[in-house]
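Quick caveat: nothing in here was measured; it's all calculated off a predicted structure. The first residue in the sequence is number 1, and the count goes up from there. Atoms considered below: every heavy atom in the structure, side chains included; atoms not considered: hydrogens, waters and symmetry mates.
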Amino acid sequence: MNHILDTIDTPDALKNLSLGELKKLAQELRGFIIQNVAKTGGHLAPSLGVVDLTVALYKVFNCPSDKIVWDVGHQAYAHKILTGRRDVFHTLRQSGGITGFPNRSESKYDSFGVGHSSTSISAALGMAIARDLDHKKNHVITVIGDGALTGGEAFEALNHAGDLGKDLIVILNDNEMSIDRNVGAMSEYLSKMRTAPKYNKAKKDLEGLLRRIPAIGDTVLKTAEHIKDSVRFFLVPGGLFEEMGFTYVGPIDGNNMEILLEVLEKAKKMHGPILIHTLTKKGKGYLPAEIEPDKFHGIGKFDIASGEPNKAATNIPSYTSIFSKALIELAQTNEDIVAITAGMPSGTGLKKFGEFYPTRLFDVGIAEQHAITLAAGLASQGKKPVVVLYSTFAQRAYDQILHDVCLQNLPVVLGLDRAGLVGEDGPTHHGVFDYSYLRHMPNLTIMAPKDENELRQMLGTAIAMDGPVVLRYPRGCGLGVPIEADFSGIPIGKAEQIRSGGKIAFVGIGSMVDACAKASDLLRVAGVESTVINARFVKPLDHILLQQLARQMDVIVTVEDNVLAGGFGSAVLELLNEDQLNDVKVLRCGLPDHFIEQGSRTELLQKYNLTGETIAAMVRNFIQ
């Protein structure tokens, strides 16, 4: 059987395909994506929803001269396949393979690197401005989801784009709203009318006629415009975008190839900023993903027939679930506890909290900055807000953590999920910078648990504190340790000594404590005794214990799954330097000063010497 997809090596190959062939290509793309993602894992549902749109874009526009910017980029699998990466698509998100997001270093068709949301309109506007400065004529198109549109940066960019009036096409990929037959039909009619050249010509002719009326022409025109705009705002979908300076088109069926081609061809000939509102079905073409799009938003390897994940069953709970359960328990006796998430109630474990306390959970959308300052406002009025973000996304709220929380010393608890190396999503998603960008903030306490039980105790401790606290924990399952029923609390700034002996001290933080213990075991087999410390706190450090170690040990080994620049090891060195305890040698184990590539967490820990075996080998080399 001949497959059209097998003949597509560049987007230009779509130019001569008929409507029927384009539809068949879309079907083949969906099957190809499902077959491959089942083996590699990835963002399945978002990519399946925009297959038709992707095909239509490459049929109508001329890339890479025309620029397409994908917001977040987790929906860009069809884009990757159609732009020369079909034969290597099986390496998606694997070590040494193609990335799960657009990446400028990977392809000339990836016009902008993405991974975090709400950036595409800003980037696309920058490209449009550069195009005009260079007197070029290419088109600039951005595809942004309804979720990403909740981010503040997207609205900042819309505001600026509408003001500048540059030629720019923004495609709003809305996969949450269903198509209402009556409203949809009216909207399609209005869209066709307003994108038709005759309509635009008639509008300009009318404006010219009114201006020629002696003495009062401009006044009549302004009155007519005011009336027209007012009526349009109430009757035409997208009135908000129109008020911001965009020509709004839609909503249209984003899974209907014929409609997409018609609208994109007309938009291509229009001028000024245009917003095309497409309604798509997340997971389209794969029934399990259509039924449970959240489950298949980002999924590991799975069985295509059943839709069930291919992973070994385990009774060990994840750090996320432990955090969620502990927060629910604490909220039973503390009515001031409220939880905040930035568009990820399921991923952060807060969805369960919302089932117990629906009036105490606030999902602000993909708006991390707002989430933090909202929490600051709640804390200023006596509430105990707990904001849970993925570590990589908390970077976006740096100023709010510093200015709105720490400066005012407000009791906000910030849970940083998915901290450290997270695996296949790669450099945009590794949470390996948080120690560095947080520990210099005054008033802030930073703690990280060695296991799931300590996470539970740390959350109880954080809730009881009267100041800002960061609680950092990794992705995945815990170590399988027993869980204490009570919340016993942890002394602030006090480390835990796990093992004593020898002249070498391992000082680990968070998930790296277990690696330190394994390294110590390996050294013991080789006849070298060592001390193992669970630091618990990045800030404040256990000053007294570190002084003792510096005086008693020959070597202190700090271990962290954070970049070494400005991280935990740097904090230890600074403390020793301030106390003039410079006789002890310090070996810092952590991540280098470059962005860490994709790969499984196991592969990356091995490569960057953060396993028990590799840490022990580094110590042996260091003491020789």
Student: Between Tyr77 and Phe89, is the gap from one ring center to the other below 6.0 Å?
Tutor: yes
Student: Is any side-chain heavy atom of Leu378 closer than 4.5 Å to a side-chain heavy atom of Ile340?
Tutor: yes
Student: Applying ring-ring contact (aromatic ring centres under 6.0 Å, His included), can you list everything that pairs with Tyr357, at least two apart in sequence or on another chain?
Tutor: Phe353
Student: If the threshold is 4.0 Å, N to carboxylate O, is there a salt bridge linking Arg85 and Asp110?
Tutor: yes
Student: Taking salt bridge (charged side-chain N to carboxylate O under 4.0 Å, His left out) as the definition, give me every residue that meets it alongside Glu368, ordered by chain and number, with sequence neighbours left out.
Tutor: Arg396
Student: Under the side chain to side chain contact (heavy atoms under 4.5 Å, CB included) test against Val584, which residue among Leu576, Leu549, Val555, Leu546 passes?
Tutor: Leu576
Student: When you compare the side chain of Asp417 with that of Phe323, does any pair of heavy atoms fall below 4.5 Å?
Tutor: no
Student: Going by salt bridge (charged side-chain N to carboxylate O under 4.0 Å, His left out), name the residues that satisfy it together with Lys384, two or more places apart in sequence or in a different chain.
Tutor: none
Student: Less than 4.0 Å between a side-chain N and a carboxylate O, is that true for Arg499 and Asp521?
Tutor: yes
Student: Please name the residue in the list Phe101, Trp70, Phe296 that meets the ring pair (Phe, Tyr, Trp, His ring centres under 6.0 Å) test with His43.
Tutor: Phe101
Student: Would a 4.5 Å heavy-atom cut-off, applied to side chains only, mark Tyr390 and Thr348 as touching?
Tutor: yes
Student: Does the side chain of Ser600 pick up a donor-acceptor pair with the side chain of Glu603 at under 3.5 Å?
Tutor: yes
Student: So, do Gln548 and Leu545 sit near enough that their side-chain heavy atoms are less than 4.5 Å apart?
Tutor: yes
Student: Tell me, which pairs form a salt bridge (Lys or Arg N to Asp or Glu O under 4.0 Å) where one or both residues lie in residues 422-443, sequence neighbours left out?
Tutor: Arg93-Asp425, Asp434-Arg472, Arg439-Glu574
Student: Please work out whether the ring planes of Phe393 and His429 are parallel, tilted or perpendicular, with thresholds of 30° and 60°.
Tutor: perpendicular
Student: If you define the side chain from C-beta out and look only at heavy atoms, does anything of Leu92 sit under 4.5 Å from Asn36?
Tutor: no
Student: Suppose we screen for salt bridge (charged side-chain N to carboxylate O under 4.0 Å, His left out). Which residues come up paired with Glu454, at least two apart in sequence or across chains?
Tutor: Lys450, Arg536
Student: Within the structure provided, determine whether Phe487 and Gln457 are in side-chain contact (heavy-atom separation under 4.5 Å).
Tutor: yes
Student: Heavy-atom distance under 4.5 Å between the side chains of Leu350 and Leu327, does that happen here?
Tutor: yes
Student: Considering residues at least two apart in sequence or located in another chain, which fulfil the salt bridge (charged side-chain N to carboxylate O under 4.0 Å, His left out) criterion with Arg588?
Tutor: none
Student: What I'd like to find out is whether the side chain of Val388 reaches to under 4.5 Å of the side chain of Thr341, using heavy atoms alone.
Tutor: no
